[in-house]
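The chains referred to below are lettered A, B, ... by the order of the sequence lines, with proteins before strands, and numbering in each begins at 1. In this text, all values refer to a predicted model and were calculated from it rather than measured experimentally.
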Protein chains: 4
Amino acid sequence: MTKTSRPGPGRPRDPDMEERVAAAALQEYGRTGWSGFTMDAVARRAGIGKSTLYLRWPSKEALIRYAVEKHSTPLTFTDGNSLREDVTALVTSLMRYFLDPAGWSSVRVAMDATSEHTDLDGAHAHIVTMHREAASALFQRAIERGELTPDAPIRTITEALYGTVLLHILALTAPERAAASEHIDEDVAPIAELILAAVASAAHATTGAPVSKTSR
Amino acid sequence: MTKTSRPGPGRPRDPDMEERVAAAALQEYGRTGWSGFTMDAVARRAGIGKSTLYLRWPSKEALIRYAVEKHSTPLTFTDGNSLREDVTALVTSLMRYFLDPAGWSSVRVAMDATSEHTDLDGAHAHIVTMHREAASALFQRAIERGELTPDAPIRTITEALYGTVLLHILALTAPERAAASEHIDEDVAPIAELILAAVASAAHATTGAPVSKTSR
Amino acid sequence: MTKTSRPGPGRPRDPDMEERVAAAALQEYGRTGWSGFTMDAVARRAGIGKSTLYLRWPSKEALIRYAVEKHSTPLTFTDGNSLREDVTALVTSLMRYFLDPAGWSSVRVAMDATSEHTDLDGAHAHIVTMHREAASALFQRAIERGELTPDAPIRTITEALYGTVLLHILALTAPERAAASEHIDEDVAPIAELILAAVASAAHATTGAPVSKTSR
Amino acid sequence: MTKTSRPGPGRPRDPDMEERVAAAALQEYGRTGWSGFTMDAVARRAGIGKSTLYLRWPSKEALIRYAVEKHSTPLTFTDGNSLREDVTALVTSLMRYFLDPAGWSSVRVAMDATSEHTDLDGAHAHIVTMHREAASALFQRAIERGELTPDAPIRTITEALYGTVLLHILALTAPERAAASEHIDEDVAPIAELILAAVASAAHATTGAPVSKTSR
DNA sequence: ACATAAGCGAGACGGTACGTCGCGTCTTTAA
DNA sequence: TTAAAGACGCGACGTACCGTCTCGCTTATGT
């Protein structure tokens, strides 16, 4: 994305700037979406000139991609002692992430990437891979603890976990979404329970080994 | 949206036009997303003048909202004999819908609606309500048939069903998405199974903490 | 320059606008010259959008050319009774013209046209031809009246007349130029006398026929 | 313009550079006029950095002023034996000077100086004074030789001489200008004759109204 | 010899104008 | 009355140049 060559002569690039721009870009994107996301506004908000913007990022798409990638790792994967604990933590963390403008933007960028001619493929792949790997690690630990059979449909379970949270938030009205972060646990509980129920049943269905008494 | 008054004098409105415009709008939106979705391009593709566009729809948002609402009811809710049958049919139908540019556009519009200043709230509400009611009917029938307890967390189950399908498609790469419609059943089966598993577990438990005996 | 086709459908072009723009353009050009002559400023001053500007004139050069051509005919060629009278009137008129921002701009445009890659050739030809024809008519009448021999070096005399006035003004300092229009006759007299002296001598030298007693 | 203090410590300024820059500046200015005369281009052409440019000249105007002043003394004033000889030599020299890009640039700079906010007043004064003094010396010698009365309108004659040459060249088309230097004498002769004729007439008369007996 | 000081090429920086294109509005002719 | 056409004021696009500002390097003088 940015120039990586040795310093050489000439004024060095301002290292703070990329961070300020990324923040400004996410604020603008979160405020109005693609329509209303203008390079002029980002430059104005970040207090820089447009030429500096285009010196680093060749287009609007490249800039929003950079901003999303830079801010898309606030997910805290607590290494808990049980699947229940891990799933609840992940759902909570995910819910917070999707309620945050930056996190929600990453989802919208992933969706916009499904259009052709958007130059957003890289961002899409980055986002998908990042989340997939995080969830895989979680379920892998569950398998190692014996809470999950090795042949469990991990990919589908992951999709169910992420998708349920995503759609739960997508279905909220604007005022509901604004107030949601104050009582996250109430929203998290039923989703986590459903996922755990699905996992338990799936384990039964495919292997017959009960998950109920596995932990501790 | 459109005028319904008596013919009166003057040139009659072109009845085909709204359909042509809706199709053109969805094609344009599906092609490049918000960027690249221009009224000029829609008018050009539909073979009409821009003023005709603004005569019917007051803004870009109104047009895309209209187009999405018009094309967002191809979901066939087969009134089958079992929950398994109904869920499989819904997941299949949903998968096809999301793989279609028009259906996928409705999702993207719902996402764009989460930004303030987009005037897309109406579209968001329409889409959410439509799907929610359809799913509710499905699960209501299951309760009547005794396949589901009346206190099952229908809303969360619905979110899981829709969300899993949505995220499954969102996570596909561009070539995978292009090829997906040829072997839908392979993608549908694991998702349907997981949902049914979750339903089965939930049916055996009370709403509070159905799987709680698993840990501790 | 502007579209000349039949009205047809569509909103007709604002006929007032071209005049407003030409005036604004000359004011801007007169104020700061090429540097500082910006399309944005012209649009702002004329109260129109930039697109309207570019709808009519494809470039900055085309606009200034148009403005200069439109305002470059205020020269009043009085059809007097003697060469002396005509020359004095032309020198006075020319002096006033060159002291006026619009007239002076036409000279500067003609000079800029001598650069390659300026697309100002048309303006140059227009200005030169206009003045040349006007002066030719003046001297032609003098020949018809017998004040000038038919083989007089009209072209050189014309160049001397225009050139002397031009350089007289070019050599003025800024404050002198600002005050010059208040006492034009003092500046005009010696120039007119010199031109007439040159004409008289030239007539002697080439033909021997005295000009002194020709008139009245 | 340049620093004149004692050497002191530090790297001495490159003596060749100012000449290279002046040449580059005149080439750029002659090529496209003010539009297209960019500091970046001058630096590029002269093979130096922009900071070096601004170290010596505080602005674009200062640079072009310097360049014009540096190259504006190629006029050779032959101290001939007669007014005819001197005038012919000056007209020839002037014609060559105005046909040369550098000389012509000095005229254009003088014209641009007539705009306010250009910081070109110094250049304007320099150019005007330089030429005025040269011509004055010429006519002063003629007076000393008795070829001209002491009360001859020297200033107006000078303006006529310079102005006629200037306008002669200004009225040329691009191809004519390109070919003009090959047959200068043909262009010089009529102009010199006209000026000499005017001088001759003026010498025989008093300043007031030398040709006044012609009319009325 | 070695610090000090200035010149120099390079190039990032905050701005602003370029000429293009889309917005939503307006004003016309044609159906 | 509606359709099609297209001019209009506005503002963002991505590019180029302005004049300023660090940089690393070079080339001198003064210890």
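- Side-chain atoms of D:Ser51 and base atoms of E:dA10 include a donor and an acceptor less than 3.5 Å apart.
- Ranked by how close their nearest DNA chain E nucleotide is to the 5' end, A:Asp14 and C:Asp40 are led by A:Asp14.
- For F:dG19, the base has no donor-acceptor partner in the side chain of D:Ser59 [N/O atoms by modelled type, under 3.5 angstrom].
- Contact check on C:Asp14 versus C:Arg20 returns a salt bridge, with a Lys/Arg side-chain nitrogen under 4.0 Å from an Asp/Glu carboxylate oxygen.
- Side-chain atoms of D:Lys50 stay outside donor-acceptor range of the base of E:dG9, with no qualifying N/O pair under 3.5 Å.
- Checking E:dG24, E:dC18, E:dG9 against the side-chain heavy atoms of B:Met39 singles out E:dG24 as nearest.
- Between A:Arg44 atom CZ and E:dT16 atom P there is a gap of 11 Å when expressed in whole angstrom units.
- Between C:Tyr29 and C:Trp34, some side-chain heavy-atom pair lies under the 4.5 Å cut-off.
- Between C:Ala41 and B:Lys60, the one whose closest nucleotide on DNA chain E sits nearer the 5' end is C:Ala41.
- Taking atom CZ of D:Arg11 as the reference point, atom P of E:dA6 lies 14 Å away to the nearest angstrom.
- Between D:Met17 atom CE and E:dG7 atom C1' there is a gap of 8 Å when expressed in whole angstrom units.
- Protein atom CH2 of D:Trp57 is 13 Å distant from nucleotide atom C1' of E:dG7, rounded to whole Å.
- Of the side-chain N and O atoms in D:Arg56, one or more sit less than 4.0 angstrom from OP1 or OP2 of E:dC8.
- The distance from atom OG of B:Ser105 to atom NE2 of B:His71, rounded to the nearest 0.5 Å, is 10.0 Å.
- Counting to the nearest Å, the P atom of E:dC23 and the CZ atom of B:Phe37 are 8 Å from each other.
- Between the CD atom of B:Glu28 and the P atom of E:dC23 there is a distance of 10 Å, rounded to whole Å.
- In this structure, D:Lys50 NZ and D:Arg44 CZ are separated by 10.0 Å, a value rounded to the nearest 0.5 Å.
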